[in-house]
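Since we're looking at a predicted model, the values are computed, not measured.
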There are 2 protein chains.
Amino acid sequence: MQSAIEKLDWPSLIEAQPAAGLIPIGLRQQAKRLDAQAHEPLFRIGDPVRCVYLVVSGEARLIRLARNGSEVILQRSRGGFLAEASLEARSYHCDAITTKPTTILMLPVAAFRAALEEDPIFRSAWQSQLTKEIRKLRAQCERLSLNSAADRISHYIESEGADGILTLNQSRKSWAAELGLSHEALYRTLRRMQSEGVLDVDGVRLATK
Amino acid sequence: MQSAIEKLDWPSLIEAQPAAGLIPIGLRQQAKRLDAQAHEPLFRIGDPVRCVYLVVSGEARLIRLARNGSEVILQRSRGGFLAEASLEARSYHCDAITTKPTTILMLPVAAFRAALEEDPIFRSAWQSQLTKEIRKLRAQCERLSLNSAADRISHYIESEGADGILTLNQSRKSWAAELGLSHEALYRTLRRMQSEGVLDVDGVRLATK
DNA sequence: CGTACTTTTGAATCGCATCAAATCTGGTGG
DNA sequence: CCACCAGATTTGATGCGATTCAAAAGTACG
C-alpha cells in the first residue's frame, strides 16, 4: 500500500475530470495530487477533515460498516467530488477507500471555503454538485424502499442507464451491495428476469424490454 | 380542499421557523404565505418549478408512487425547506403534500437564485441546508440497507433521537413507511424488542437499552 | 354517536439471506 | 507458457423474517 503525491498537470487533469476545471486559480495552487492504489484508505471515521477530495480517475467509495459486519456503500464516485458533506464537518462520519488505482485531487478545506466565497462560478458549480447528489440519494432511497430484487434492478437501469439500457461499470457482486441485495439474489434474479423476457443481459450491457 | 394566501407577519414567521429569518429583505418582499389544510397537494410530478417551499409549521412530504401503488416517502419536512433540489430543475420529480394543517412560505425561484448570488449569509445558510440534507439522506440509505426490522428501528432511534431516546412525532403506521416496512412488521417488531428487553416503549417515547 | 383511521393480532405464503460448494476468471510469479 | 491464487460467478438447499390478506379492537374527531 503506497501512494504518491506528484506535481500537477492541470490540462490533463481537466481533460480527465472536467470538474477540476472549475477550481479557481488560488485554490489550484493549494491542491495536492494523490495517486492511490486499489483498496487504499483515503480517510477513516473520526479523522479530522483537512481536505475535500475530488476523484479525477479511477473509483473511490464512501462506506460504513453495519454492526453485523456487512459493508454499506454510501457513495461511489467515478469522477467528481467525494463526501461533499465533509466540508461542513469537523471529522469524517464514514470511511473512504479506493477500489482500483485512482487519481485524486486534495483541496484544503479552508482554502476551499474561501474560494466558494470569492468565486461565483465555482460557488454555483458547487451548489449544483450538492443538488445533484441530493437527487441521486433520493433515487437510491426510493430504490432501497422497493422490496423485490427485480424492482430494484429495473429501477437502477431506469435511473442510472439511458433509454432503458445500462452498461454496468462494476462487478455484479459489488452492484449487489449497492442494490442492498446478496450477490446470490442478484445473480438469480438477473437470470430469472432474462428467462422471463423482462431483461436482456449481454455481458455488461443490460436492457429492459 | 382550500388554501389561503395571506399577509405576512415576519416576526411570528421567524419565531415559528428560524430559517425564515435568513431570507434577505428583497426576497421577503416576493414571498407568499400559504396556509394549507391537511392532505393538500402542493405540487405534482411534472409541474413547472415556480417557487421554493419553506415549511413554517405543520408537515409536508415529498413522495413518489411505486409501480405497485405503494407510496415512498422521499422527504418529511416539519420545518425548513422542502424539495431543495427543485431549485435546479425545470419541473418537479416528485409529488408534495401536506399531512396536517401547514403554513408555508413560497419563494419565487428567480428571486431566490438572485438572493443567493447577492447575499453571502443567505448563501452560506443554503449550502449548509443542502449539506445537512445530504447527510440525512445518507443516513436514510444506510438504514434502508439494513435488512432486519429491528436493526432499522434501532438505527432510526440512534440517528434521529438523542442519547438513545426518541420521541416519535408521527403515527407508527407512517413511521413504518419511512422505515420501508409494513406497519404490521413494525408493530410486531416493537413488541418483540420490548419483550426481549432491547427497547423501552412508552407511548411516543422510545428508548434503546 | 358514527365514521375514518390507527393499532393490534392471526395465519399463510413467498422471497431473500445464508451457508456450502463448484466453476470460472484475470492476474502473478516461477 | 504454465501453475497458482484470489476473487467473481454460479448453482443448490434450507430457514427465517417480512409481506400479504383478514379481521377485531381501540381512538380521534366532527
Side-chain angles (χ1 to χ4, degrees), chain A residues 1 37-39 59 61 66-73 97-101 143-156 168-196 198-199 201-206, chain B residues 1-2 37-39 59 66-73 97-101 143-156 168-196 198-199 201-206:
Chain A
M1 288 289 201
Q37 299 181 347
H39 313 294
E59 181 181 301
R61 291 186 189 177
R67 259 176 310 181
N68 63 14
S70 71
E71 183 175 282
V72 178
I73 302 175
I97 54 163
T98 58
T99 58
K100 55 171 77 169
R143 188 178 308 127
L144 291 172
S145 295
L146 304 173
N147 32 24
S148 99
D151 285 348
R152 291 194 196 168
I153 291 168
S154 300
H155 185 286
Y156 192 95
L168 201 60
N169 52 23
Q170 62 184 322
S171 73
R172 295 184 183 192
K173 189 175 179 182
S174 109
W175 186 30
E178 194 177 349
L179 291 172
L181 298 170
S182 68
H183 61 279
E184 297 96 327
L186 176 59
Y187 290 131
R188 281 190 258 253
T189 307
L190 282 176
R191 172 158 302 256
R192 184 168 50 77
M193 291 175 80
Q194 190 172 22
S195 75
E196 284 173 357
V198 187
L199 192 69
V201 183
D202 176 19
V204 296
R205 186 181 166 284
L206 304 174
Chain B
M1 287 290 200
Q2 292 176 352
Q37 299 181 346
H39 312 293
E59 182 181 302
R67 259 176 310 182
N68 63 12
S70 71
E71 182 174 284
V72 178
I73 301 174
I97 53 162
T98 58
T99 57
K100 54 171 77 171
R143 188 177 310 127
L144 291 172
S145 294
L146 304 173
N147 33 23
S148 100
D151 285 348
R152 291 193 197 169
I153 290 169
S154 300
H155 185 285
Y156 192 95
L168 201 61
N169 52 22
Q170 63 183 325
S171 73
R172 292 184 185 191
K173 189 176 180 182
S174 110
W175 187 30
E178 193 177 350
L179 291 172
L181 298 171
S182 68
H183 61 278
E184 297 98 325
L186 175 59
Y187 291 131
R188 282 190 257 254
T189 308
L190 282 176
R191 171 157 302 255
R192 185 167 50 75
M193 289 174 81
Q194 190 173 20
S195 76
E196 285 173 357
V198 187
L199 193 67
V201 183
D202 176 18
V204 295
R205 186 182 166 282
L206 304 174

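- Of the charged side-chain nitrogens involved, none lies within less than 4.0 Å of a carboxylate oxygen, so that A:Glu184 and A:Arg188 do not count as a salt-bridged pair.
- By the side-chain contact (heavy atoms from CB on, under 4.5 Å) test, A:Ala185 is found to be paired with A:Ser182, residues two or more places apart in sequence or in another chain being considered.
- Judged by distance alone, the side chain of B:Ser154 and the main-chain N or O of B:Asp151 form no donor-acceptor pair under 3.5 Å.
- The CG atom of B:Leu146 sits 15 Å away from the P atom of D:dG17 (whole-angstrom rounding).
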Polar atoms only, N or O, under 3.5 Å: list the protein pairs with nucleotides 15-19 of chain C and their distances.
{"from": "C:dC16", "atom 1": "OP1", "to": "A:Ala149", "atom 2": "N", "distance (Å)": "2.6"}
{"from": "C:dA17", "atom 1": "OP1", "to": "A:Ser182", "atom 2": "N", "distance (Å)": "3.4"}
{"from": "C:dA17", "atom 1": "OP2", "to": "A:Ser182", "atom 2": "N", "distance (Å)": "3.1"}
{"from": "C:dA17", "atom 1": "OP2", "to": "A:Ser182", "atom 2": "OG", "distance (Å)": "2.8"}
{"from": "C:dT18", "atom 1": "O4", "to": "A:Arg188", "atom 2": "NH2", "distance (Å)": "3.0"}
{"from": "C:dC19", "atom 1": "N4", "to": "A:Glu184", "atom 2": "OE2", "distance (Å)": "2.9"}

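- Considering only side-chain N and O atoms, A:Tyr187 lies under 4.0 angstrom from the phosphate OP1 or OP2 of D:dT9.
- Between B:Thr189 and B:Ala149, the shortest heavy-atom contact is OG1-CB, 3.5 Å.
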Using a cutoff of under 3.5 Å, can you pull out all pairs of nitrogen or oxygen atoms linking the protein to nucleotides 25-30 of chain D, with atom names and distances?
none

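- When all heavy atoms are compared, the tightest approach of A:Tyr187 to A:Lys173 is OH-N, 3.9 Å.
- Between A:Lys173 atom NZ and D:dT9 atom C1' the separation is 10 Å, expressed in whole Å.
- Taking five base pairs at each end of the helix from C:dC1-D:dG30 to C:dG30-D:dC1, the local helix axes there meet at an angle of 50°, rounded to 10°.
- No side-chain heavy atom of A:Val204 sits under 4.5 Å from any side-chain heavy atom of A:Asn169.
- In this structure, the CG atom of B:Leu179 is 14 Å from the C1' atom of D:dA18, given to the nearest Å.
- Atoms NZ (A:Lys100) and P (D:dA8) sit 13 Å apart, rounded to a whole Å.
- For the pair B:Ser145 (side chain) and A:Gly180 (backbone), a donor-acceptor distance under 3.5 Å is absent.
- Atom C1' of nucleotide D:dA8 and atom CZ of A:Arg191 are separated by 15 Å, given to the nearest angstrom.
- Contacts of B:Arg152 classified as side-chain hydrogen bond (donor to acceptor under 3.5 Å, both in side chains), with partners at least two apart in sequence or in another chain: none.
- Annotation for B:Ile73 and B:Ala177: closest pair CD1-CB, 3.9 Å, computed over non-hydrogen atoms.
- Distance B:Leu190 CG to D:dG17 P: 16 Å, rounded to the nearest Å.
- By the side-chain contact (heavy atoms from CB on, under 4.5 Å) test, A:Thr99 pairs with A:Glu59, A:Arg61, sequence neighbours left out.
- Distance, B:Asp151 CG to D:dC16 C1': 14 Å, rounded to whole Å.
- Between A:Ala176 and A:His183, the shortest heavy-atom contact is CB-CA, 3.6 Å.
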